[in-house]
Amino acid sequence: MIKLEGLTKVFPGHNIPAVKELNLEIKEGDVCVLVGPSGCGKTTTMKMINRLYEPTGGKIYIRGEDALQMDPIKLRLDIGYVIQEIGLFPHMTIEENVATVPNEKQWPKDKTREKVKEVMTLVGLDPDVFKDRYPTALSGGQRQRVGVARAMVSDPPIMLMDEPFGAVDPITRARLQNEFLRIQERMGKTIVFVTHDIDEAIKMSDTIAVMREGELIQHDTPSDLLSAPADEFVSNLVGRNRSIKRLHLIRINEILEDVSRGKPLNEDAKKDDIEKQLAESDIRSVIVVDRDNKLKGVIGVNDLKRKAGEVARDYCQDVSDTITDDATLNDALSVMLEIGEGYVAVVNEDDRYQGTITLGDLLNVVKEDS
Amino acid sequence: MDQLLWAVFDTLRAAGNGMMLSAQSDDPGLFMQTVNWISRRSEMLMELMLEHLWLVVLTLIIAVIISVTVGIIISYYESMAQTVLGICQILMVIPSMAMLAFMVPLFGIGFTTGVMALVLYSLLPIVRNTYTGIRELDPAIVEAAKGMGMTERRILFKIKIPLARPVIMAGVRTAAVMMIGIAAIAAYVGAGGLGELIFSGISRGHQPMIIAGAIGVSIIAIVFDYLLYYGEKRFAVEGRTREGN
């Protein structure tokens, strides 16, 4: 899909090339993450693909076509572009912002409107609520979503993303990452993703290209990169605690079946049942759900003694946080540490209870893997 | 405008009468003299005000067209910018009398000369504000526009100019108010306007005439500034500030 051959960029007035003889091939539908310390040439490489920077030497092929021979405007219109600062146009509404590329391509008005609605919904922004707002009325996370929507609206086969989730807080970032992966699973775009965060790289990528001082050091799948780093630089980059980093690679729904803890309690369950289940539980608590299998709360051993009541509903306490089943094991670990429990309840997109993950489960996974 | 002026005159006259009664004197005083003069010569005053206004409006239109164009051009050619801004700066610090004198050999005496001199004066504020307004846009906005495939032309008209407009308009306002003042001096080269009243008042030692001219200039300046300010607000761009995180 994208092939870089001997790509070189020397900025005027510099002796050392920012990117040196780079060869890289990205398959269709893959997310390739360029990672490395700042100044390693990853952003420069990305900006050469849509020719914001003209290469000094080398070739860029997109679907076998020589990108350097194409009209740069046409080339860019078919490549989605997201940057860390987002760069929303403050004098335009969200709808107008998202419609930028369709307007440049002169789509018919109703087609544009349809598509804007569709893509806003896709990134989790209700079009009826947000389309007439201005960017300043949005939170950082919402703006990032608009940025992604704007890049995706004309359905470009390729997307370039320069630290797209860099400017938001860690919790929002994890959520945006998960949502983005969910969208990507459906859309199957070819994505070049730039980040300096190796954890993000491992989580988001099909392949990782590690760069240093303008050179490509290693291009591999994340698990190969973790198990066989090419040199000391790469192994330093991925860090010593590689087994913990593996937690980024595994999603909760992949292990949920193996760690099944039986059925949760119904909110109408009698005290005897609660006691029975509590005795069997390895987390000294039981999860309570309502008739629709929605999470109701949790009952700990102490709750049963402390409170009075007839059925499970009376004893149960709210859970402080849950996690969705498409999150990674690392996300699960963070939530556990945050709520200070050895377990976390897993729900799906519709908030239905799916199971429970414990610290022990994570430990087993890491042990098996290494 | 006409009605407004009459209302102002009436109020002034009423106030003047009151003052005269309390002073119990037959000498009308400078204030009353002026009010009387204005009410007697209101038609001529109106005419001169309109002439003055026309001089300013015409100059402003020409100046905006030239200056905004120049401002946009130098925003693309950084190396030219300092030279051009320097020239505009020099033009502005030339005393107005001297500037008018320079113009006379070129354009003779009359309206055209006045317009030319005024245009040269108003270049700096508009050129500088256009240039800074565009240069100081958040570079991420321009980069995003470019990266998505907008042409340079579209970026200029859809992104840069709308976003820089408040800054450009502030420059236009500065130029306009400045010009209204200098336009009075342009009467020296026969450009007409309220300056005629002031100058003939000075040469004849007729104070009410001078004051009437000065009041006229002030009213035009205040009204003009207010109108431009109001217009700017109406077209104001929402959330123009740099995007925070």
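Every chain is numbered from 1 and lettered A, B, ... according to where its sequence line falls, protein lines coming before strand lines.
- The shortest distance between side-chain heavy atoms of B:R165 and A:H91 does not fall below 4.5 Å.
- Atom CD of A:E5 sits in a crowded spot, with more than 12 heavy atoms from other residues, nucleotides or ligands closer than 6.0 Å.
- Nearest heavy atoms, A:E85 versus B:A140: CB-CB, 3.5 Å.
- Within 6.0 Å of CG on B:L50 lie more than 12 heavy atoms contributed by other residues, nucleotides or ligands.
- Inter-residue side-chain proximity for B:E143 and A:I83 is flagged as met; some heavy-atom pair is nearer than 4.5 Å.
- Heavy-atom neighbours of A:W107 CH2 from other residues, nucleotides or ligands within 6.0 Å: above the threshold of 12.
- Surrounding OH of B:Y76 are more than 12 heavy atoms belonging to other residues, nucleotides or ligands, all under 6.0 Å away.
- For B:G149 against A:E104, the heavy-atom pair with the smallest separation is O-OE1, 4.3 Å.
- Few gaps surround CD on A:E54; more than 12 heavy atoms of other groups in view lie less than 6.0 Å from it.
- With rounding to the nearest 0.5 angstrom, the CG atom of B:L163 is 8.0 Å from the CE atom of A:M92.
- Nearest heavy-atom pair across A:G87 and B:A144 is O-CB, 3.6 Å.
- A:K47 touches chain B through its side chain: at least one heavy atom from C-beta onward sits under 4.5 Å away, while N, CA, C and O do not.
- In this structure, the side chains of B:M148 and A:R150 come closer than 4.5 Å at one or more pairs of heavy atoms.
- The local environment of CZ in A:F11 is crowded, with over 12 non-hydrogen atoms from other residues, nucleotides or ligands closer than 6.0 Å.
- Here the straight-line distance linking atom CD1 of A:I86 with atom CG of B:D138 works out to 10.5 Å at 0.5 Å rounding.
- Atom-to-atom distance recorded for A:F89:CZ and B:I159:CD1 is 4.0 Å, nearest 0.5 angstrom.
- The environment of A:K115 atom NZ is dense: over 12 non-hydrogen atoms of other residues, nucleotides or ligands sit within 6.0 angstrom.
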Before giving the answer on side-chain contact (heavy atoms from CB on, under 4.5 Å), spell out for B:M150 and A:L77 the whole-Å C-alpha distance, their side-chain angles and the decisive distance to 0.1 Å.
CA-CA 8 Å; B:M150 288 178 88; A:L77 283 174; over 6 Å; no
